[in-house]
Every structure is written in structure tokens, then in C-alpha cells.
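Reviewing the structure listed below.
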2 protein chains.
Amino acid sequence: MPAKPTGSQRKPRNSAAPRPAPETGSEPALSLDRIVATAVDLLDADGIGGLTMRKLADRLGAGAMSLYWHVDNKEAVFDLALDAVLEYRAGQSPAGAQDWREEVLHMLEDWRASMLRHPWSVSLLPRRALGPNILCRLELLGRALSRAGVAEADLNAAIWSLWNYVMGATITRGSFERSADDLAAAQQSLAGLSERYPTIERSRLLLDSDWDGAFRDGLDFLLSGLAPKTTPT
Amino acid sequence: MPAKPTGSQRKPRNSAAPRPAPETGSEPALSLDRIVATAVDLLDADGIGGLTMRKLADRLGAGAMSLYWHVDNKEAVFDLALDAVLEYRAGQSPAGAQDWREEVLHMLEDWRASMLRHPWSVSLLPRRALGPNILCRLELLGRALSRAGVAEADLNAAIWSLWNYVMGATITRGSFERSADDLAAAQQSLAGLSERYPTIERSRLLLDSDWDGAFRDGLDFLLSGLAPKTTPT
DNA sequence: ACCTGAACACCGTTCAAGT
DNA sequence: ACCTGAACACCGTTCAAGT
């Protein structure tokens, strides 16, 4: 069997001048980066069930089996697409270290926003391995919390609490967003059963929820609990 | 086309004496309940990708296409299996209304436990519709929070914050649980990159996290924020 | 080193038909 | 009312082979 790149140590990334003169004017030759990029496009367009090795290869102007030289299998494509979408462009936060609280809020809202931009990512994340970009986000979060005075012994619990909250909020928001009609229908059918579900029927739980506001509020409560020394805004 | 049961109004549930004398001694005849039950078994055994209409029918001793008389399609099987697994047996909480806080904690921990018992359920929930059992849990949660003094205007935000947290915690826990080896390997590879991820490497984030403890702690913080009038335990 | 087509063992679902 | 087999249009992946 040929020595193909193993899963752990991947293709060397195109550093500076990659293109070695495209033979024909048609397609710029296969590469891991191109594969991942078009996989993301396809996922954005057709959702998680719309990504097909055959369709992906087609879109790249390649034979169906050509992908398998660059990639171990379909799972690997998912892993790569997921991590690609979660890159964290730091430096976004204005000026130096203002309030640590604002910094953490910004990081987590950016995380949520990144995932909502690619709704498939959120349902993929929990079952896949942690790629470098995800680890980077966790690292930065850990640093910020440390700086905020969270004790070393409480750090893991704090990180995971926040991670859990962000994941849950994003997953819920992302999946409910998709089908506003379904939600209306569901709330409608709730009305018919109002003797069974009076409370959430009255509060119109399925309809007029302010997702962004609820997200921020809950986060505020968590942060207050995790690092109680600081005063809330 | 024959008048088969539509998606919204399903088969009348077997009320009292269903079996009309099983012709042969072999199989007790197809029914929605049997289909859902074996679907759950199959999902428990082989995970989300292991459920196949063909395998399901086989396991039921039926032809592959017989399922489609009872069920619209595979998605419907997922919906039914999911809701079946999330039934809430109330009355579990001892005696009358003790502390509302304990009541809510119990409800949410039971929810989490139900999903962890069927790890596939948690990755299914966010993309499926809300079945009656899920709605029931939301209703009970809403009532408890109301009783605890959460204002009507804040009720939806409170419910969703808790829901988000539980979802996130369960999803993370469930997926990380599956592959302890992978985690160890990941933490190992972190060591190699300790100059990139020093903080989470030092805290051994991927290894010695106390999931159950972290879950309870974060929940406590949330509850303190949501209904600040009550004193923490 | 990189790409390919044919082939295998699967899928979910439609349809026309059986009892 | 309930169940079925044949058939269709797909899948992911192996393999032996091309350049």
C-alpha cells in the first residue's frame, strides 16, 4: 500500500506559492484546502445530509474516488470542515484588556455566531473530535477566566459550564430557527391541548422568545456564579 | 391511494385488548408500538447510524416495506423513538413540594439521565420536532419556576436558559464519554503542543473533569441568577 | 505522487400487487 | 386493512490499474 498521509499528520499546508502551473485552464488541481472549502460550501447549501463524497468530487471536477487520496474517509471531511468553520480571529476585541467579563462575553458570542453562520456545525461538533481551532478557543477562554481570578482548581468546571451553555444555546437556536413555520404550528397545536400544557401555552414559549437576550442573560448569571468577586454590569 | 394515517393523527393506540389472535406462533403482528420499541433497541445497540429501515423490519420479522404502512418515513421513526425515550415519570420526587430548587434540580437531572441512558437521543433532539413528552417536561419546568416566583415576563428566558444548559451539558458529556481513549490521546497530543495550549494543558481539561459536579455547580449558578430571591443551599 | 472506473454491498422509498 | 417483492436512484468504499 502506498504511503498516504495518515490521519494525524496531514498534508503540508500550501505555504506561499502553491499552484504549479495548472495544466489545463479548467480546474486548479485537487488539494486538501480546496476539498475542505467546497465541503463547507456544500454543507452550507444542502445541510448535513447533502454532503456526499460523489457530489463533492463532482463539484471539484474530479473523479469520485480522487478524494480518497487526500482524505481517509467521509468522517475526516466532516472533521476538517467543522474545524475550518470555527477558526477564531482574535484581535477583534477593541483595545487592550478592558473588563474580563466583556472579553469572555465577546469570545462566547463570537463562538455562537460562528456556529449559527453554519448551522450544520453545531450538530456536528458534539460527536466529532476536538480540532485545533476548537482547542484554541478553549485555551483562550481558560486564560481569560484565569486572569479573572478563577482558582486553578475551579478552572475546568468553569470552562465546561460555559462550553455547555454555549453549545446548548446554539444548538437550540440553530435548530429552531430553521423552521419558523413548524414552530408556529407547534404552538398552534399547543393551544388545542391547553389543558395539558397551560403554562407554556400561556407564555407562548415556542413563539416570542428573545433568543439573543436569553443567551446573554443566562451567560451573565453563569459568570456571576463562576467569578463572584467582580461586580455585574 | 389508500387512506393511510397521516403524520399528525397517528394510529389509535392499542387501548386494552389489542392482539386479534396471532395467526402463527411466530411474530405478534406489526404495530406502531412494537416498531418504536425495537427502533429504540436498535439505536441503543448500534447508534444513530445503525438504524436502518431494512434492519428494523428484519428484526420485527416483517418485510422491509411493511413499516411504511405504519410510519411515514425514517424521520418519523426517529421522532417517535426520541419522544418515547423522554417520557417523564413524575411522582419520583419524594413527598410534597419541598424546596422548589430541589424540585427543579431533580427534574433537570432526571432529564439529563434519561438522555445519557440513550446517547443517540441527545444528538437527535436538537434537529427534531418537540414531541409530547418533551413538551410535558417543559410544562412542568415552567410551572415549577412560576411557583418559585419567576415573573411571567421572565419565564420564557428562564426556561430556555435551563434547557440550553441541560442540552449542552448532556451533549458534551455523552459524546466525550464514548471515547475515553480518544480523550486521553487528545490530551496527550496537547502535551506536545504545550506552548500553544499551556492553560488547558496544565489544568488537564480533557481528562479529569468532574462532569456531574460541573453540571450541578453550573445549574446552581443559573438558578441563583434566575430566581435570586431564594437562598442558595 | 496523484488520479481513475468498475464493482460491491449497502441505503430509503415508489409502485403495483397481493391477501 | 395490512403486508409484500421487484425495482429505482442513490450511497461509501475497496481494489486493481492507469499516468
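Keep in mind that this is a model prediction, so the values were computed, not measured. Proteins get letters first, then strands, A, B, ... in listed order; numbering begins at 1 in each.
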Nearest-Å distance, NZ (B:K74) to P (D:dC11)? 15 Å

Is the closest side-chain donor-acceptor distance between A:T172 and B:W163 under 3.5 Å? yes

Interatomic distance where NZ belongs to B:K55 and P belongs to C:dA9 [whole Å]: 17 Å

If you look at every strand shown and take non-hydrogen atoms under 4.0 Å, does B:S66 touch a base, only sugar-phosphate, or nothing? base

To the nearest angstrom, the CG-P distance between A:D58 and D:dG12 comes to 12 Å

B:L51 near the nucleic acid: base, sugar-phosphate alone, or nothing, with a heavy-atom cut-off under 4.0 Å? sugar-phosphate

Let's see if you can work this out: which of D:dC11, D:dC2, C:dC11 has an atom nearest to the side-chain heavy atoms of B:W69? D:dC2

Could you check whether A:K55 pairs with A:D46 (Lys NZ or Arg NE/NH1/NH2 to Asp/Glu carboxylate O, under 4.0 Å)? yes

Using the P atom in both, what is the distance from D:dC2 to C:dA17, to the nearest Å? 22 Å

Between the side chains of A:R89 and A:D110, is the shortest nitrogen-to-carboxylate-oxygen separation below 4.0 Å, so that they form an ion pair? no

Base, sugar-phosphate, or nothing for A:A64, non-hydrogen atoms under 4.0 angstrom? nothing

Using purine N1 to pyrimidine N3 plus N6-O4 or O6-N4 for Watson-Crick, or N1-O2 and O6-N3 for G-U wobble, both under 3.5 Å, which nucleotide pairs with D:dT13? C:dA7

Identify, between B:M53 and A:L67, the residue whose nearest nucleotide on DNA chain C lies closer to the 5' end. A:L67

Shortest side-chain distance from B:M65, nucleotide among D:dG5, C:dC3, D:dT13: D:dG5

Sorted by position of nearest nucleotide on DNA chain C, 5' first, the leading residue of A:A62 and A:R54 is A:A62

Expressed in angstrom and rounded to an integer, what is the separation of A:I35 atom CD1 from C:dC3 atom C1'? 11 Å

Distance check needed: C:dC11 P versus B:L42 CG, whole Å only. 11 Å

For the side chain of A:H70, counting heavy atoms from C-beta on, which of D:dC3, C:dA7, C:dC3 is nearest? C:dC3

Are any side-chain N or O atoms of B:D79 and backbone N or O atoms of B:L82, one a donor and one an acceptor, separated by less than 3.5 Å? no

Expressed in angstrom and rounded to an integer, what is the separation of B:Y68 atom OH from C:dT14 atom P? 7 Å

A:L140 side chain reached by A:R143 side chain, heavy atoms, under 4.5 Å: yes

Return the nearest nucleotide to the side chain of B:L30; candidates are D:dC3, D:dT4, C:dT13. D:dC3

Round to the nearest Å and state the distance from A:L32 atom CG to C:dC2 atom C1'. 13 Å

Length of the CG-P vector between A:D46 and D:dC10, whole Å: 14 Å

